[in-house]
2 protein chains.
Amino acid sequence: MKPSCKMAKSKDTTEEKILNAAKEVFMKYGLYGSRMHDIADTAGINKALLHYYFRSKEKLFDTVFSGALHKYLQQMDAFLDSSLPIRQRLNNYVDNVFSFLEEYPQMPVFIIKEVSINPELFRDRVDVLKKDKGISIIQVLEKEIELGTIRKMDTALFLINLHSLCSYPFLAAPIFKHVLKANHKNWEEYSPAKIKQSVKQFIERTLLS
Amino acid sequence: MKPSCKMAKSKDTTEEKILNAAKEVFMKYGLYGSRMHDIADTAGINKALLHYYFRSKEKLFDTVFSGALHKYLQQMDAFLDSSLPIRQRLNNYVDNVFSFLEEYPQMPVFIIKEVSINPELFRDRVDVLKKDKGISIIQVLEKEIELGTIRKMDTALFLINLHSLCSYPFLAAPIFKHVLKANHKNWEEYSPAKIKQSVKQFIERTLLS
DNA sequence: GTCTATAATTTGATAGAC
DNA sequence: GTCTATCAAATTATAGAC
C-alpha cells in the first residue's frame with residue numbers, strides 16, 4: 001500500500017498480459033487443444049505479438065508449463081515451520097494446499113494431462129526443481145514415527161490419500177455439484193471450507209485413532 | 001466359451017475399430033486436441049472412413065463421450081446387493097470402482113475436462129441417465145444413519161472423500177510415482193491394491209472410529 | 001513494439017474410382 | 001465399404017508498414 005510499491009506499473013506489460021492469457025487458455029485446453037488466436041484474443045492483442053515475444057507456440061507453452069510445474073511442486077513440498085508440532089504443521093500444510101487450489105483449481109489436472117501426453121516435460125524438469133528443496137514431508141513423517149509422536153503407517157500412502165482428498169474435489173467439482181444436487185435433498189452448497197475440515201479430520205484419525 | 005457365443009465374429013468390425021481408436025485418442029487429447037488423422041491411424045484405416053461411419057468429428061466425439069459418461073455414472077452409482085450389511089456393500093462398491101478405474105484410468109479426467117470445456121455435454125445427458133437408476137448411495141447412507149448402524153455424518157462429504165481417494169491416485173499416478181521414488185527411499189511400487197486397502201480403512205474409520 | 005497482410009501447413013470434410 | 005485425390009477452412013508463423 002506504500003507509494004513505493006510498484007505493482008500497478010509492472011502488472012500490465014504486454015509480456016505479462018500474454019503470459020496470463022496463455023496460462024488461462026493452455027490450462028483449459030492443453031497444448032494441442034489451444035489456439036494462438038484464442039490466446040491473442042484473451043490477451044487483447046494481435047496474434048503476431050505472440051511470436052514477437054515468444055518464438056513459437058511450443059516456446060510459449062514451455063514457459064507457461066515450467067512456471068506452473070514449479071509453483072505446483074513448490075507448494076506440494078512446502079512443509080515449513082519446523083519448530084511447530086507435527087499436527088500443527090500438517091494443518092498448516094493443508095491450509096496452504098487449499099489456498100493454492102482455490103487460486104488454481106485446474107492446476108493438478110493441467111500438469112497431469114500434459115505430462116501424460118508428453119512425459120519428458122516432467123522428466124526433464126523435476127530433477128532441476130528438486131535441488132533447492134529442503135527436507136520432504138515424507139521424511140518428516142518417518143522421523144515422527146520413529147519418535148513415536150504419531151502412529152506407525154505407510155507414509156507414502158498417507159501422502160497419496162492426503163493429496164487425493166485435497167485435489168480431487170476441486171477438479172471434479174462440476175460433476176459432484178450435479179450429482180449431489182440431484183441425490184441429496186438437503187445439500188446446501190459445495191463448500192471448500194467444509195471439505196478442508198474433513199481432510200483435517202482424516203489426518204487426525206490417521207495419525208492416531 | 002460355448003460355440004454359440006459369437007464374440008470373435010462381432011469384435012473386429014470397422015465401426016468398432018473406429019470407436020476403440022476414437023476412445024483412445026479422445027480420452028488422451030480431448031475433443032479439440034485430437035486429430036481425425038490420429039484416430040484413423042490408430043484404427044488402421046483411412047480418414048475418409050471416419051466420415052463414412054460418423055458424419056463429423058463432433059458426432060464421433062459425441063458417441064464416444066456418451067458411452068463414457070454412461071459407463072462412468074453407472075459405476076459411480078452402482079450400489080447393489082441390498083441384502084448385505086452396509087459395510088459389506090461399501091466394500092463391494094470400492095472393489096467395483098477400483099476394477100473400473102484399473103480398466104479406464106483416465107476416465108474421470110476425460111469426463112471432467114470435457115465437461116469443464118463444454119458444460120452442456122453434461123447437463124443435456126445426466127437427467128436422461130438418471131431415470132433408470134435405482135436408489136442412490138447417499139440415500140442408503142442416510143437411512144443407515146437413521147437406523148443407527150453407522151455414525152452420524154455428512155454423507156455428501158463422505159462420498160466426495162471416497163471418490164477422491166479412489167480416483168485421484170489413478171489420474172495422478174505419473175506424478176506420484178516420480179515424487180515418491182525421489183523422496184521415499186524404501187518405496188517399493190505404486191500398487192492399486194495397497195491404495196484400495198487404505199480406502200477401505202478410511203471407510204471403517206469414518207463409519208465408526 | 002504493434003499492427004495488417006500473407007505465406008505455409010495442417011486439418012476436417014467431400015467427390016469419385018474401385 | 002474402402003481407398004486416393006482434393007477442396008475449403010483453420011492455424012502457425014513470417015514479412016513488412018507504421
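Computed over heavy atoms, backbone and side chain alike; hydrogens, waters and symmetry mates excluded. Here is how names work: the chains are called A, B, and so on, in the same order as the sequence lines, proteins then strands, and each is numbered from 1.
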| message | Quick check against the 3.5 Å criterion: does Asn20(B) have a side-chain atom that pairs as donor or acceptor with the backbone of Glu16(B)? | response | yes

| field | Passing option when Ile150(A) is tested against Leu90(A), Ile203(A), Leu141(A) for side-chain contact (heavy atoms from CB on, under 4.5 Å) | value | Leu141(A)

| To the nearest Å, how far apart are Ile45(A) CD1 and dG1(C) P? | 13 Å

| In residues 22-31 of chain B, what residues come within less than 4.0 Å of DNA chain C, judged by heavy atoms? | none

| said: Could you tell me how far apart Leu50(A) (CG) and dG1(C) (C1') are, to the nearest whole angstrom? | reply: 13 Å

| field | Between C1' of dA13(C) and CG of Leu49(B), the distance in whole Å | value | 13 Å

| task | Could you please name the option among dA13(D), dG1(C), dT4(D) that lies closest to any side-chain atom of Tyr52(A)? | result | dG1(C)

| query | What is the ring orientation for Phe158(A) with Phe202(A), classed by angle as parallel under 30°, tilted 30 to 60°, or perpendicular over 60°? | reply | parallel

| Parallel, tilted or perpendicular: ring planes of Phe122(A) versus His178(B), cut at 30 and 60 degrees | perpendicular

| Between dT11(D), dT11(C), dC3(C), which one does the side chain of Arg35(A) approach most closely? | dT11(D)

| query | Is the number of heavy atoms from other residues, nucleotides or ligands within 6.0 Å of NZ (Lys71(B)) greater than 12? | reply | no

| field | Inter-axis angle, terminal five-pair segments of the helix from dG1(C)-dC18(D) to dC18(C)-dG1(D) [nearest 10°] | value | 0°

| note | Between NE2 of His37(A) and C1' of dA9(D) the distance, given in whole Å, is 13 Å

| message | Is Thr14(B) close enough to dG1(D) that one of its side-chain N or O atoms is under 4.0 Å from OP1 or OP2 there? | response | no

| field | Distance in angstrom units between Glu58(A) CD and dT9(C) C1', rounded | value | 13 Å

| dA13(D), dG1(C), dT6(D): which one has an atom nearest the side-chain heavy atoms of Lys47(B)? | dT6(D)

| query | Expressed in angstrom and rounded to an integer, what is the separation of His51(B) atom NE2 from dA15(C) atom P? | reply | 12 Å

| field | Exam field: side chain Ser66(B) to backbone Thr63(B), donor-acceptor pair closer than 3.5 Å | value | no

| note | Regarding the side chain of Met36(B), the nearest nucleotide among dA15(D), dA13(C), dT2(C) is dA13(C)

| query | Just by modelled atom types, is the Ser34(A) backbone N or O under 3.5 Å from a matching donor or acceptor in the Lys28(A) side chain? | reply | no

| task | Find the distance Tyr53(A):OH to dG1(C):C1' and express it as a whole number of Å. | result | 6 Å

| request: Answer yes if the ring centres of Phe98(B) and Phe170(B) are under 6.0 angstrom apart, and no otherwise. | output: yes

| said: For a side chain to side chain contact (heavy atoms under 4.5 Å, CB included) check, start with the C-alpha distance between Leu60(B) and Tyr53(B), then their side-chain angles and the critical distance, and finish with the verdict. | reply: CA-CA 9 Å; Leu60(B) 178 55; Tyr53(B) 279 93; over 6 Å; no

| query | Which listed nucleotide (dA15(C), dA13(D), dC3(C)) is nearest to the side chain of Ala48(A)? | reply | dC3(C)

| query | Tyr104(A) vs Phe100(A) aromatic rings, parallel, tilted or perpendicular, using cut-offs 30° and 60°? | reply | tilted

| dT12(D) phosphate, OP1 or OP2, under 4.0 Å from Ser56(A) side-chain N/O | no

| Spacing between Lys17(B) atom NZ and dT2(D) atom P, to the nearest angstrom | 8 Å

